[in-house]
Trainee: 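Got a structure for you, questions after.
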2 protein chains.
Amino acid sequence: MLTKTENLRSDAGLASALRVSLARLNRRLRKQGAHHSLTPTQLATLAAVESHTEMTPGELAEHEKVQPPSMTRVIAKLEERGLLARKPHPTDRRQVTVRLTEAGTALLKEERRMKEAWLARQLKELTPEERAALRVAAPILARLSQM
Amino acid sequence: MLTKTENLRSDAGLASALRVSLARLNRRLRKQGAHHSLTPTQLATLAAVESHTEMTPGELAEHEKVQPPSMTRVIAKLEERGLLARKPHPTDRRQVTVRLTEAGTALLKEERRMKEAWLARQLKELTPEERAALRVAAPILARLSQM
DNA sequence: TATTGTTATACTCTATAACTATA
DNA sequence: TATAGTTATAGAGTATAACAATA
């Protein structure tokens, strides 16, 4: 590694160093997912439905920053593959609600398992001191990601 | 943050915590770029040309994991926007070389500036101790991203 | 009349196959 | 004959506009 360590003293330098590493790590993590041939939007949609338990197509379009017609097609594809199911809305017959199927839940679980297994393998290559430093940093990165 | 801190003791727990934060941070960072309306491939292509100074379309296609015809179109688009320039290869007249223009260099610089400025603003919200922990972690994340 | 979701249609991005120029 | 790049064409994904059903 030839990063300019002295720059880390400034916030700008720290931001710069973090940005590069975050981008690179993420690029590599994204390649470690299971080979289910889902697009990023499809995967993100499944994850959104999972975390909200039940959502309408309109809510999903808003959440994923796509237009409603696009979400209609994403949902159709995911339903076709048995990863989520549509049900009539309990009170408003114009609306529809969407939930994960067991297969959808399992796919998300497997996706995460693969990525975390890869990352855990990489962590094994570090020294115990380095891992300790990351254990300290992890909750801070978590906070940073939610600000 | 309600992450299960106790799990951080295991490598799997650390991997899990890092994966979530990395994905979230990256998603937010990607939105902070300049509004130049370039696709991810176009942006990555510019960055690749920058870091190699000069590349052929074939090398770029290989590097960005796209097929040569796709790279032809990416290059055409970028050239049309004045971000890179094609020149005949010095020895092999079948080949072409591609270099960044000043506008291309400037665009990449601005793109990074925006993202790093956003990240630096977030870092300012942390305590000095938290920033210190990230300064320790940054070179380790850099190493991790390159393994 | 307003809102939710869908269908119809067009545009962008990338792929495969076929073609041109050069080695 | 092989290779680098391009052009022709098709497939996937998302957008806007128009439409149907319900509130």
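Letters A, B, ... mirror the listed sequences (proteins, then strands); counts begin at 1.
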Trainee: Which salt bridge (Lys or Arg N to Asp or Glu O under 4.0 Å) pairs, counting each pair once, include a residue from residues 44-59 of chain B, with sequence neighbours left out?
Mentor: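 Found B/Glu50-B/Arg112, B/Glu54-B/Lys87, B/Glu54-B/Arg99.
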
Trainee: Rounded to whole angstroms, how far apart are CG on B/Leu78 and P on C/dC13?
Mentor: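 Between P of C/dC13 and CG of B/Leu78: 10 Å.
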
Trainee: Once you round it to whole Å, what is the distance between P of C/dC13 and CD1 of B/Ile75?
Mentor: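 Atom-to-atom, B/Ile75 to C/dC13, this comes out as 15 Å.
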
Trainee: When you measure from the side chain of A/Gln95 to the backbone of A/Asp92, do you find a donor-acceptor pair of N or O atoms at a distance under 3.5 Å?
Mentor: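 It does not hold such a pair.
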
Trainee: Donor-acceptor pair, distance only, cut-off 3.5 Å: does the side chain of A/Asp11 make one with the backbone of B/Leu123?
Mentor: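 Not a single qualifying donor-acceptor pair exists.
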
Trainee: Would you kindly give the CD-to-P distance between B/Glu64 and C/dT14, to the nearest whole Å?
Mentor: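 Whole-Å distance recorded here is 10 Å.
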
Trainee: Can you see which heavy atom on A/Ala15 is nearest to which on B/Glu116, and at what distance?
Mentor: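 Here A/Ala15 and B/Glu116 meet closest at CB-O, 3.6 Å.
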
Trainee: Does B/Arg73 make a side-chain donor-acceptor contact with the base of D/dT6, cut-off 3.5 Å?
Mentor: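 Looking at the base of D/dT6, it does not pair with any donor or acceptor on the side chain of B/Arg73 (distance under 3.5 Å).
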
Trainee: Same cluster or not: are A/Leu22 and B/Leu126 linked, directly or through other Ile, Leu, Val, Met, Phe, Trp or Tyr residues, by side-chain heavy atoms under 4.5 angstrom apart?
Mentor: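 Yes, it is one cluster - the side chains of A/Leu22 and B/Leu126 are joined through contacts under 4.5 Å.
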
Trainee: Check each residue of residues 41-59 of chain A for a non-hydrogen atom within less than 4.0 Å of any atom in DNA chain D, then write out the ones that pass by number, or none.
Mentor: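 Heavy-atom contacts with DNA chain D come from A/Thr41.
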
Trainee: Apart from B/Leu100 itself, what residues make up its hydrophobic cluster when side-chain heavy atoms of I, L, V, M, F, W and Y under 4.5 Å apart count as a link, directly or indirectly?
Mentor: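 Via sub-4.5 Å side-chain contacts, B/Leu100 links to B/Leu38, B/Leu43, B/Leu46, B/Val49, B/Met55, B/Leu60, B/Val66, B/Met71, B/Val74, B/Ile75, B/Leu78, B/Leu83, B/Leu84, B/Val98, B/Leu107, B/Leu108.
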
Trainee: Mind listing the N/O atom pairs, protein and nucleotides 16-23 of chain C, below 3.5 Å?
Mentor:
from: C/dA23; atom 1: OP1; to: B/Arg93; atom 2: N; distance (Å): 3.1

Trainee: Using whole Å, what does the distance between atom C1' of nucleotide C/dA15 and atom CD of B/Glu62 come to?
Mentor: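 Taking CD of B/Glu62 and C1' of C/dA15, I get 16 Å after rounding.
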
Trainee: Under a 3.5 Å distance rule, please check whether B/Thr45 uses its side chain to pair with a backbone N or O of B/Thr41 as donor and acceptor.
Mentor: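 Answer holds: yes.
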
Trainee: Checking B/Arg86 side chain against B/Val96 main chain: does a donor-acceptor pair fall under 3.5 Å?
Mentor: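 Checking the backbone N and O of B/Val96 against the side chain of B/Arg86, no donor-acceptor pair under 3.5 Å is found.
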
Trainee: If Ile, Leu, Val, Met, Phe, Trp and Tyr residues are connected whenever their side-chain heavy atoms lie under 4.5 Å apart, and connections chain through other members, are B/Trp118 and A/Leu144 in the same group?
Mentor: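 Looking at the clustering, A/Leu144 is in the same group as B/Trp118.
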
Trainee: B/Val20: which other cluster members, linking ILVMFWY side chains closer than 4.5 Å, directly or transitively?
Mentor: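 Same cluster as B/Val20: nobody, lone residue.
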
Trainee: Compare all side-chain heavy atoms of A/Ser37 with those of A/Arg81 and state whether any distance is below 4.5 angstrom.
Mentor: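 SC-SC contact between A/Ser37 and A/Arg81 confirmed.
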
Trainee: Using whole Å, report how far NZ of A/Lys77 lies from C1' of D/dA12.
Mentor: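 Checked: the NZ to C1' distance equals 7 Å.
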
Trainee: Look at the side-chain N and O atoms of B/Thr72 and state whether any lies under 4.0 Å from the OP1 or OP2 oxygen of D/dG5.
Mentor: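 So the side-chain polar atoms of B/Thr72 never come under 4.0 Å of the phosphate oxygens OP1 or OP2 of D/dG5.
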
Trainee: Separation of A/Leu60 atom CG from C/dG5 atom P, in whole Å?
Mentor: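 Answer to the nearest Å: 9 Å.
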
Trainee: Could you identify which residues of residues 79-88 of chain B place a heavy atom less than 4.0 Å from some atom of DNA chain C, listed by residue number, or say none?
Mentor: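 Those residues whose heavy atoms fall under 4.0 Å from DNA chain C, taken from residues 79-88 of chain B, amount to none.
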
Trainee: With respect to the side chain of B/Val66, which nucleotide from C/dG5, D/dG5, C/dA15 is positioned closest?
Mentor: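 Output: C/dA15.
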
